[in-house]
Amino acid sequence: MQTPPGKKQPSKKQPGKPAGSAKPGGAKPGAPRKPSAAVYRRRRLFAGGALLLVLGLTAGGVASVSGALNAKSEQASSTQTEGPTESGAQATPSATPSATPSASPACDQKLVTVTAATNKASYGAGEKPLLTLKVANGGKLPCRVNLGTSQMEFLVTSGSDRVFSSKDCQAESEDLIKTIAPGKSETANFPWPRNRSVQGCEEIADGVGAGYYVFIAKLGPKVSPPSVFQLS
């Protein structure tokens, strides 16, 4: 509520307690530690990459559909018949048993596959690999698949070294439900800036050197075969 001009709001100060005075001892014990400015900065940079990923999904011209799949049910109908019997008395009306609704064919999620690829087999110094996650429907029925950042992960490794994961610095995640027609596919692209990452988005001093690397794409429980590329 706005205060009328010329009328001051009553002070909420308590008697004997100066306003703005801090409690002895500083911050309350057990108060959550705020992420550092560097962590916020890296998460903002990652949010830009996530935006490119979502734009790549919608650029194919297929309208995205959110929400759960609503199953169609058939309404059972019953008929009543009545008429005279041979003795002239009317028979008691009887209802025809309702038909049991038949379940509509469902998509076989086992036929939905995930593959990983890069736009080049090798990259020169300073070139950024474009990592592509591809989801294909190998079945005969349309499949609704969650292609949101809540399900995706772009993982880069080198031997036993876990180099990078798109989940490490992901500030937010969202669902993106899309219907993939039989024999069709959807792709999501992620430009990897050739950096390292760890869970929690802590700063990493070590860089990424020349050598062979492996890109693995994940979508929920589905994991792609490895895709190998080289950095110079």
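Scope of the values below: all heavy atoms of this structure, side chains included, with no hydrogens, waters or symmetry mates.
- At least one donor-acceptor pair closer than 3.5 Å links the side chain of Ser224 to the backbone N or O of Ala217.
- Taken together through direct or relayed side-chain contacts under 4.5 Å among Ile, Leu, Val, Met, Phe, Trp and Tyr, Phe154 and Leu231 form part of one hydrophobic cluster.
- The heavy-atom pair separating Ser227 from Ala116 by the smallest distance is CB-O, 3.5 Å.
- Atoms CG and CG, on Asp175 and Asn146 in that order, are 4.0 Å from each other to the nearest 0.5 Å.
- Although no hydrogens or angles enter the test, the distance criterion places no donor-acceptor pair under 3.5 Å between the side chain of Glu153 and the main chain of Leu155.
- Val114 and Leu147 fall within a single hydrophobic cluster, where Ile, Leu, Val, Met, Phe, Trp and Tyr side chains are chained together by heavy-atom contacts under 4.5 Å.
- Side-chain contact check for Thr187 versus Leu133: every heavy-atom pair is 4.5 Å or farther apart.
- At distances below 3.5 Å, not a single donor-acceptor pair connects side-chain atoms of Asn137 with backbone N or O atoms of Gly183.
- Separating the CZ atom in Phe215 from the OG1 atom in Thr157 is a distance of 10.5 Å, to the nearest 0.5 Å.
- Between Asn195 and Val208 the shortest heavy-atom distance is C-CG2, 3.8 Å.
- Transitive grouping of hydrophobic side chains (ILVMFWY, heavy atoms separated by less than 4.5 Å) brings Phe190 and Val156 into a common cluster.
- The two residues Cys107 and Pro142 have their closest heavy-atom pair at CB-O, 3.3 Å.
- Other residues, nucleotides and ligands contribute more than 12 heavy atoms inside 6.0 Å of the NZ atom of Lys222.
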Next on the checklist: Tyr212 vs Phe229, test: side chain to side chain contact (heavy atoms under 4.5 Å, CB included). Steps then yes/no.
Outcome noted: CA-CA 6 Å; Tyr212 288 93; Phe229 61 96; over 6 Å; no
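- Side-chain contact between Val198 and Phe164: absent, with no pair of heavy atoms (C-beta onward) separated by less than 4.5 Å.
- Going from atom NZ of Lys218 over to atom NZ of Lys167 covers 10.5 Å, rounded to the nearest 0.5 Å.
- A distance of 4.5 Å separates CZ of Arg144 from OG1 of Thr179, quoted to the nearest 0.5 Å.
- A salt bridge links Arg196 and Asp161; the closest N-O separation between the charged side-chain nitrogens and carboxylate oxygens is under 4.0 Å.
- When side chains are defined from C-beta on, Met152 does not count as touching Gln170, because their heavy atoms never get closer than 4.5 Å.
- The side chain to side chain donor-acceptor pair (under 3.5 Å) pairs that include a residue from residues 113-127 are Asn119-Tyr123, Lys120-Glu127, where partners are two or more places apart or lie in different chains.
- The CG atom of Leu131 sits 9.0 Å away from the CG atom of Asn189 when rounded to the nearest 0.5 Å.
- Smallest separation of non-hydrogen atoms from Leu141 and Pro105: CD1-CB, 3.6 Å.
- With contacts defined as side-chain heavy-atom distances shorter than 4.5 Å, the pair Val145/Glu186 does not qualify.
- Among residues two or more places apart in sequence or in another chain, the salt bridge (Lys or Arg N to Asp or Glu O under 4.0 Å) test is passed with Arg194 by none.
- Heavy-atom minimum distance, Ser232 versus Ala210: C-CB, 3.7 Å.
- Atom CD of Gln199 sits about 11.0 Å away from atom SG of Cys169, to the nearest 0.5 Å.
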